[in-house]
Structure formats: structure tokens, C-alpha cells
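Below you'll find the structure, written out as C-alpha cells, and then a few comments.
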Amino acid sequence: MTPQIARVALPVPLDKQFDYLIKPEARPVIGGRVRVPFGRQQLVGIVMAITDKSDFPLNQLKAISSVLDHQPLWQPPLFGLLTWASSYYQYPLGDTLANAMPTLLRKGREASPASLKMWQITETGRDQSITSLKRAPRQVQVLNTLRNGKSSHESLLADEVSTATLKTLSDKGWIQAIEEKPASTDWLRDFAVTEEKPRLNEEQALAVATVNASPEFGCYLLEGVTGSGKTEVYLNLLEPVLAAGKQALILVPEIGLTPQTINRFRRRFNVPLETVHSGLNDTERLSAWLAGRDNQAGIIIGTRSALFTPFSNLGIIIVDEEHDGSYKQQDSLRYHARDLAVMRASRENIPVVLGSATPALESLHNAKTGKYHHLTLTRRAGNAQQARHGVLDVKGLYLEAGLSAPLIARMRKHLDAGNQVMLFLNRRGYSPAIICHECGWLAECKRCDAYYTFHQQSGELRCHHCATQRPVMPQCGNCGSTQLNAVGVGTEQLEQQLATLFPEYKTVRIDRDSTRRKGSLESYLEAIRNNEYQILIGTQMLAKGHHFPDVTLVALIDVDSALFCNDFRASERLAQLFVQVAGRAGRASKPGEVILQTHHPEHALLQALLHKGYDEFAVSALDERKQAFLPPYTYMTLFRAEANNSEHVEQFLQQVRGIFESSPVYNHETPVLGPNPAPLSRRAGRYRWQLLVQAPNRKTLQQLLAIAKPAIQLLPLARKVRWSIDVEPQDLT
Ligand code: ADP
Ligand code: ZN
Ligand code: ZN
């Protein structure tokens with residue numbers, strides 16, 4: 001018999017697979033994990049093929065050390081999606097598959113509920129005197145841990161307790177494993193709609209009927225302002241899916257996974273629900289993964305990575321706030337979860353619904369060209385009114401910490417009427433720079449091409465790009481003058497100014513600095529709802545997913561920095577922020593008002609947005625994109641490279657450019673732009689350059705990349721610089 005060979009994808013940054021011999025008694029499966037020797041280590045990889053041929057002499061092949069799965073980890077649609085994503089996003093297959101697995105599976109833990117065992121202390125265990133156990137410190141450690149509450153097998157092992165110790169203690173009857181929940185895949189038996197449903201309005205009913213008309217693949221863009229009843233549509237879409245025993249996946253933005261969202265689904269259906277997000281520990285993550293795969297959960301709600309949850313019988317995918325930036329992963333596998341959700345739905349042959357008040361221009365374009373069905377909700381459910389809005393021309397006006405006198409007057413009016421006011425400023429810290437009044441010298445980060453942000457509260461200068469921080473210098477670094485002034489306004493300064501302007505009202509600041517502590521965001525939001533604060537300052541963190549009925553005035557303090565930003569998506573993001581906040585201000589009895597401060601009230605996009613709404617804005621913005629050959633009319637890939645040596649970086653990208661230009665697919669429709677220094681040209685001491693490749697369609701782009709990548713990997717400089725490929729980048733910095 002010819003020896004059997006397994007081709008294995010390993011989590012190493014190489015675009016290839018590795019051959020291993022299969023010992024006669026071993027039974028690896030395609031799509032299952034094996035542990036194999038790799039250099040001096042043992043790695044966990046995925047079997048991609050079983051064959052009897054290898055390009056290497058058989059006597060040079062090593063054997064698989066152990067087979068970890070007897071079933072594939074993924075069903076064919078998801079497994080296929082992952083291999084496709086690896087090639088589409090130009091990220092090595094082994095790394096892609098590892099990325100899609102919970103950490104415990106990556107480490108080789110069994111893919112079954114046995115991995116989730118919990119321990120607790122028994123009465124006898126509690127009564128043991130610790131002093132009598134001095135010679136068994138690990139046993140003491142376990143007893144002490146469990147005296148404070150139950151603990152998972154996992155975390156005990158992580159604390160360097162051995163399985164043997166646990167067995168000894170359990171044999172003595174001092175600790176015991178907690179009974180596992182009896183595995184029941186039968187949530188369908190108890191399925192019920194457990195709350196009274198509102199009657200759908202006509203638009204909602206039409207949306208529900210359109211999607212429900214076919215259980216097969218279709219992509220639906222559900223566009224409706226905040227409060228127009230999108231979530232109610234989702235709930236109605238889930239009902240027949242769950243009633244048929246199929247599962248539902250709901251993706252939400254990072255900031256949108258709030259208890260309120262989850263509770264709406266829990267209240268409506270008597271179905272087990274799991275959440276997946278970055279706050280889970282390893283055990284919880286595996287637990288949610290298993291719940292999907294083993295049909296222990298009917299609904300899974302999660303952020304970006306929840307897309308990779310396996311399901312035994314998936315019936316629908318919903319992507320809420322589909323325009324949200326957090327759906328794009330910014331490192332390793334640089335995927336877009338919304339785009340992959342559409343791909344997954346197509347492979348699973350189920351419907352996918354993309355919901356938003358402000359769809360991404362890409363999605364609107366897909367709807368206009370007929371790739372997506374466009375469903376709209378134009379009416380706000382209940383009687384809520386759309387907020388009034390207006391621009392405030394601040395040309396020539398004196399600004400106090402960024403606030404103009406007319407704005408301050410409006411604020412006072414709303415506050416004195418007993419309402420809340422919300423101010424947006426997308427800049428943390430006290431001021432974005434420190435300048436010498438004598439000579440104009442600016443305090444610059446030594447490791448980055450950027451100025452220090454001044455944080456007054458901590459008395460520090462911080463670089464927001466490399467996390468360097470230092471005390472404020474007493475003197476100018478150039479002329480020695482002590483006259484150092486803050487320039488520009490950040491949220492800290494705004495907060496301070498408001499305390500002076502409105503001493504009788506309390507201000508709260510919501511940004512990354514003020515919400516670092518776990519749970520602090522939630523408690524601030526609660527306090528805001530209880531009216532403990534009257535003035536809310538925030539970065540866009542505050543715009544998403546939170547409804548504040550007593551906020552009647554919202555102001556965007558600095559619209560110009562978005563209108564004149566070198567990122568072509570900045571105006572789209574500004575428009576989305578504007579519509580989001582306009583939708584959150586006020587309620588039926590208290591109509592809201594939104595004010596935009598700008599030096600350029602005549603700006604065409606601003607005018608379209610204000611007077612004709614998001615859709616008209618989108619038409620103008622799409623038109624601009626078309627004229628400028630920008631997405632969604634072209635497809636981009638960004639090569640980023642960085643190193644301590646600037647010449648190496650530039651040369652490397654110059655060579656990459658050469659490779660593209662000599663490609664048989666290269667022509668005038670596939671321009672290569674650069675190499676250029678990145679907008680932030682130096683970060684943490686490394687020089688950063690970029691090269692942008694454009695193509696008229698995805699197929700051409702993929703052909704270009706497929707031909708070029710192997711050649712790029714062979715460049716000697718490819719090992720001297722750190723480089724990455726970002727297919728369809730969302731962020732060009
Ligand atoms: P969105 O998700 O678009 O912000 P929601 O689904 O949360 O909108 O609806 C906003 C509010 O209106 C919720 O309180 C919801 O319960 C209510 N609502 C939605 N649809 C209806 C309806 N058809 N009749 C009455 N109330 C509704
Ligand atoms: Zn820095
Ligand atoms: Zn100076």
C-alpha cells in the first residue's frame with residue numbers, strides 16, 4: 001500500500017501547505033485538526049487534503065503526531081468561505097483558519113463541551129484546614145481559588161494546576177465537577193414568541209414579506225432612519241426562521257452590542273441566545289462556538305468575528321449598521337465582515353439583510369445596480385419627529401474652546417429649558433499641539449511624524465500614534481522661551497471651558513480616555529439617562545446605538561476637519577455621523593435640533609446633506625467618486641511597508657511597482673500609484689510608505705495580485721521591511 005500523506009495548513013506566515021505522513025492507525029479528516037512537528041515545535045494545523053503523492057521524498061517527511069478531530073471543524077460552506085477569504089484578502093491559509101478558531105481550539109483543546117468543565121468546592125473541601133496541607137501547595141491553591149467561587153478547568157490549568165492535582169482533590173471528595181447542562185438540541189420544541197408584537201406599518205410589512213418570500217440567497221439592503229423600526233423588521237424576519245428550527249446570526253458594530261439590543265431578542269423569543277464579542281474569555285468563546293455548531297443556540301449576536309461561528313443549520317444573517325467601520329478588520333486577515341456575510345449567505349443559500357440609516361456608498365451602489373434588493377423605511381415608528389438642523393457659519397467669529405457665541409446661546413436656551421445638550425468633537429486630549437509663542441516651535445514626537453497631544457489632566461504630552469508619553473517640557477526646545485501655548489481644541493479643553501461657561505450644569509466627557517475602565521461607559525450612559533449630566537461631550541463613540549430622549553440639541557463642533565480631510569471617505573463618515581445624531585436627538589414631545597459649525601457653509605456635499613438628505617448626499621458623493629475613479633467604481637489594494645530604514649521601504653515598494661507594471665494584466669485601467677510616504681510618514685521610529693493599486697473590477701484586481709504576490713515574496717527586501725496587503729482598504733493611513 002502506498003503511504004498516505006496529509007497536506008496540512010499551518011499557522012505560519014507562508015503561502016504554502018506542508019506534507020506529513022499518516023501513521024497506519026491514524027484517521028485524520030479533511031477540515032479537521034492535527035498536531036504536527038514543525039522545526040522544533042509542535043503546531044496545530046488543518047488537514048486540507050489526503051493524498052498519496054508528495055513533491056518531497058517520502059523518507060524526508062515527518063509523521064503527524066496526533067489527530068485532534070474526527071469530524072471537520074466546519075461544514076463545507078464555511079470552510080469554503082474561509083479558504084476563499086484567505087485567497088481574496090491575500091492572507092496565508094493556515095493563519096486565516098487559525099484566526100477563525102477560538103483560541104482553545106487553536107491550542108489543540110477538544111472541540112466538545114468536555115473542554116468547558118467547571119469545578120466547585122464541596123462542603124468537606126470547605127472544612128479542610130489549609131495548615132494540614134502545607135506540603136501540597138497546589139491543592140491549597142485550588143481550594144483557595146474555589147472557596148471564592150467556581151472556576152473553569154481551563155483557568156485552573158492556566159494557573160499551572162495540573163490535571164492530576166484536580167483528580168486527587170476530586171477523588172478525596174473535596175472538589176467536584178459541576179454537572180454539565182444536559183445537551184439538548186431541542187430548543188425548537190419550546191419555541192415561542194414570548195411578547196406581544198406591534199402591528200407592522202406598511203413599509204415594514206413589505207420589507208418582511210419581500211425577504212420572507214424566499215428562503216434562498218438574496219441580499220437585501222434595509223435603509224431606514226433611526227427609530228423607523230428596523231429592529232422590529234429583524235425580529236419579524238427571525239420568527240419564521242426560528243419556527244422552522246433554523247438558526248440566526250446577527251452582526252452588530254463593536255459599540256452596538258448593548259444589553260438593550262440583546263434583551264429585545266431575548267424578550268421576543270423563547271430561544272437560547274449567545275453573544276460573541278471581544279470581552280469573552282477563552283472558555284466563553286469556545287462555548288459560544290460550540291453552541292452554534294451543536295445547535296445549542298438559536299440566535300447568535302456578535303461583533304465582526306462572530307461571522308466565523310459555525311452553525312448546524314443557519315437560516316438567515318443580519319448585519320445591523322452595515323456602514324460601520326468596525327466591520328473591517330485592520331490587521332492580520334483584513335476582511336470586511338459585511339462583505340463576507342454576503343459571501344457566506346450566498347454559499348449557505350440563505351437571505352442576508354444589511355440594515356442602516358446611512359448605508360455605505362458601496363452598498364447603495366450595489367442596490368442601485370440591482371445586486372441588492374433595496375427596501376426602505378421612511379417613517380419613524382410612533383410619532384417621533386425628525387430633528388431640525390442648520391449650519392452655523394463661524395467665519396470671523398471668536399471661538400471659545402471651539403464654541404461660537406451663537407452656539408453658546410443656543411446651548412443655554414436648551415439647558416435652561418431642562419434638556420440635555422450633546423457636543424461632538426473627534427479629538428481627544430486638551431489640545432492637539434503645543435506651540436512656542438516666541439518662535440513657533442511645535443513639540444513633536446521623536447519617534448513619529450506627528451505632534452504631541454497635550455493632556456492637561458495628567459500633565460502629559462502623549463503621542464496618539466506610538467503611545468509615547470512624557471511630562472510637559474518647561475521650555476521651548478528651540479529658543480528656550482517658557483511661553484508654551486496649547487493650539488487647537490480637544491475634548492478635555494472643551495470640558496474645562498464648559499465648566500466655566502455653564503457652572504450650574506454638569507458635563508460628562510465620553511471618549512477613549514474617560515472610558516478606559518471596564519464598565520465605565522455603561523455607568524456613564526446610565527447616569528446620562530438619569531439626567532445626572534446635562535452636557536455630554538463625546539467623540540463618535542457617543543453617536544452609536546444610544547438613544548437619549550432628553551437630548552434636544554446636538555452640535556458638531558468642527559465639521560471642516562472632515563470636509564477637508566485627505567481621506568476620500570471622510571465626508572461619507574461625516575454625513576453618517578450627522579444622520580445618526582440627528583436621529584437620536586429628541587422625541588415626539590421634544591423635537592431636537594442639530595447644529596453644524598463650519599467655515600464653509602456653501603460646501604456642496606454639506607448643502608446636499610442638509611437640504612436634501614442622506615440619499616441626495618449619496619448621489620452627489622457617488623458622482624464625485626465616479627469622476628475621481630474611486631471606490632465603488634474602482635477596486636483598490638493598498639500595500640503598506642515600514643522599516644527603520646526609509647530607503648529600504650521606498651525601494652521595496654518601487655520594486656513592487658515594477659512587478660505590477662510588468663504583469664500581463666497591467667494596462668491603463670490598472671494604475672499603480674506611488675510609492676508615497678504614508679499620511680503618517682513615521683510611526684514609532686519606523687518610516688512608512690504606501691503603494692496603491694487600482695483596478696476596474698475585482699476579478700482584474702485579483703488576477704494582478706495573484707501574479708504579483710509570489711514575485712514580491714521573492715524580493716530580498718521583502719525580508720528587510722515589514723509589509724502588508726490590504727485588499728479594499730477602508731482606511732488609507
Ligand atoms: P430602529 O431599529 O430602526 O432604530 P426600532 O425597531 O428600534 O427602530 O423601532 C423604534 C421604536 O419603535 C421601538 O420602540 C419599537 O418597539 C417601536 N416600533 C417599531 N415598529 C413599530 C410598529 N410597527 N408599531 C409600533 N411601534 C413600533
Ligand atoms: Zn509617537
Ligand atoms: Zn521657541
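As the structure is a computational prediction, the values presented were derived from the model and not from experiment. Remember, it's 1-based here, ligands and their atoms both numbered in the order they're listed.
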Can a donor-acceptor pair be found, under 3.5 Å and without considering hydrogens, that links the side chain of [X] to the backbone of [Y]?
| X | Y | answer |
| --- | --- | --- |
| Glu223 | Leu377 | no |
| Ser363 | Pro359 | no |
| Ser514 | Arg509 | yes |

Exercise for the section: Counting heavy atoms only, name the option from Arg264, Lys230, Glu202 that's nearest to atom 7 (O) of ligand 1. Expected result: Arg264
Handout entry: Heavy-atom proximity to atom 8 (O) of ligand 1, best of Ser356, Gly229, Ala357
Key =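 Among Ser356, Gly229, Ala357, the closest heavy atom to atom 8 (O) of ligand 1 belongs to Gly229.
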Problem - Shortest non-hydrogen contact between Leu425 and Val489, atoms and distance - result: CD2-O, 3.6 Å
Problem - Metal-centred angle, SG of Cys448 through the Zn ion (ligand 2) to SG of Cys463, rounded to 10 degrees - result: 110°
Practice task
Quick one: the SG of Cys445, the Zn ion (ligand 2), SG of Cys466 angle, rounded to 10°, please.
Solution key: 110°
Exercise for the section: Heavy-atom distances under 4.0 Å are what count here, so tell me which part of Arg199 touches ligand 1: side chain, backbone, both or neither. Expected result: backbone
Exercise for the section: Nearest 10° is fine: what angle sits at the Zn ion (ligand 3) between SG from Cys479 and SG from Cys476? Expected result: 110°
Problem - Vertex the Zn ion (ligand 3), arms to Cys439 SG and Cys436 SG, rounded to 10° - result: 110°
Problem - Parallel, tilted or perpendicular: rings of His373 and Tyr220 (30°, 60°) - result: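 Answer is parallel, since the angle falls under 30°.
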Handout entry: Leu377 touching ligand 1 at heavy-atom level, < 4.0 angstrom
Key =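 Contact check Leu377 vs ligand 1: negative.
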Practice task
Determine, using heavy atoms of Gly224 and all atoms of ligand 1, whether some pair is separated by less than 4.0 Å.
Solution key: no
Exercise for the section: Just jot down the ligand 1 atoms closer than 4.0 angstrom to any heavy atom of Val225, in number order. Expected result: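 Those of ligand 1 that fall under 4.0 Å from Val225 are 3 (O).
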Exercise for the section: Please identify which atoms of ligand 1 are closer than 4.0 Å to at least one heavy atom of Asn201. Expected result: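 Taking each heavy atom of Asn201 in turn, ligand 1 has 23 (N) under 4.0 Å.
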Handout entry: the Zn ion (ligand 2) reached by His464 (N, O or S, under 2.8 Å)
Key =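 Under 2.8 Å: His464 has no N, O or S contact with the Zn ion (ligand 2).
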Exercise for the section: Give a yes/no answer: is there an N/O/S atom of His437 under 2.8 Å from the Zn ion (ligand 3)? Expected result: no
Problem - Given Leu375, Asn366, Leu354, the one that forms side-chain contact (heavy atoms from CB on, under 4.5 Å) with Leu221 - result: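 Of Leu375, Asn366, Leu354, side-chain contact (heavy atoms from CB on, under 4.5 Å) with Leu221 is met by Leu354 alone.
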Exercise for the section: Could you point out which residue of Leu691, Val721, Asn676 forms a side-chain contact (heavy atoms from CB on, under 4.5 Å) with Leu653? Expected result: Leu691
Practice task
Could you point out which residue of Tyr687, Trp723, Trp689 forms a ring-ring contact (aromatic ring centres under 6.0 Å, His included) with Phe652?
Solution key: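 Looking at Tyr687, Trp723, Trp689, the match for Phe652 under the ring-ring contact (aromatic ring centres under 6.0 Å, His included) is Trp723.
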Handout entry: Aromatic ring proximity His389/His611, centre distance under 6.0 Å
Key = no
Problem - Any N/O pair Pro198/ligand 1 closer than 3.5 Å - result: no
